[in-house]
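Heads up: the structure comes next, in structure tokens.
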There are 2 protein chains.
Amino acid sequence: MLFDVLAEPTRRRILDLLLERPHPVGELTARLGLTQPGTSKHLRVLREAGLVQVRIDAQRRWYELCPAPLAEIDTWLTPYRRLWAGSLDRLEAHLDTMEDDR
Amino acid sequence: MLFDVLAEPTRRRILDLLLERPHPVGELTARLGLTQPGTSKHLRVLREAGLVQVRIDAQRRWYELCPAPLAEIDTWLTPYRRLWAGSLDRLEAHLDTMEDDR
DNA sequence: CTCGAATATACCTCGATAGGAATATACCGG
DNA sequence: CCGGTATATTCCTATCGAGGTATATTCGAG
């Protein structure tokens, strides 16, 4: 389940790094302070969840973000969103941000 | 971390049940098909995460939803939301729903 | 074809946690 | 005060997953 994938702090850090730009495994390993196999294993989980995609370039693997599955989380939040205080304001702020981007 | 709390399927089911209306522990136990201690344990985790609140009525404990902490998830999603395909439409659909409620 | 670089996989260990059974606690009715 | 009901806590066990080390794989350079 997607929530399990995101429950891991290191994996969220990886997503955050990929938010910036695609990274090869070595760079992720360095920035995370993990061992290389550790990084690869998290990347595998993220890949299987459809949250990242690989672009092969010789021996280098460029990992890039695939945010689409996160929509599932957003959907799950929907019935709760209308309940929490100030939700309307926050949601409108979101939409305003998006409108600006057009 | 909040994601860990939500990673547990049973806990998400509890939240779903509480979305409907507050429940005493016994009812939750019955509807979940768990043992009573099992239910109590999950409720404790949810309580410590601030996701539920208890209203004591004699020996009965009515658990009710506190959706506020879920805003944290929503905040985390924000930078990703603008990336996934169709996000604008979905977000607008959300907002339309909310507008209808006013 | 060989060497080295970049990444993936296999295997092991350890800590966290869900689940159950037994027990403790709190509170009402009588 | 006593018995029973509703819930919480404790203890135990089995499972899962993160992290590490060692090893396999793949590919380019020369």
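Keep in mind the model is a prediction, meaning the values are calculated, not measured. Proteins get letters first, then strands, A, B, ... in listed order; numbering begins at 1 in each.
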Presence of salt bridge, E27(B) and R21(B), under 4.0 angstrom: yes
Short side-chain to backbone donor-acceptor contact, H42(A) and S40(A), under 3.5 Å: no
Exceeds 12 heavy-atom contacts within 6.0 angstrom, atom CZ of R47(A): yes
From CZ (R11(A)) to CG (L46(A)), nearest 0.5 Å: 6.5 Å
dA18(C) OP1/OP2 closer than 4.0 Å to side-chain N/O of T35(B): no
Integer-rounded Å distance: dT17(C) P and M1(B) CE: 13 Å
same_hphob_cluster(L32(A), W62(A)) at 4.5 Å side-chain heavy-atom cutoff: no
Atom pair CZ (R13(A)) and CG (L34(A)), whose distance is rounded to the nearest 0.5 Å: 7.5 Å
Separation of dG15(C) P from E8(A) CD (nearest whole Å): 17 Å
dG17(D) OP1/OP2 closer than 4.0 Å to side-chain N/O of H42(A): no
Value in whole Å for how far the P atom of dA21(C) lies from CG of L34(B): 12 Å
d(CG, D57(A); P, dT26(D)) in whole Å: 18 Å
Rounded distance in Å - CD1 (I14(A)) to C1' (dG19(D)): 13 Å
Annotated protein contacts, base or backbone, on nucleotides 1-13 of chain C with a non-hydrogen cut-off under 4.0 Å, one of B, S, - each: ---B-SBBB----
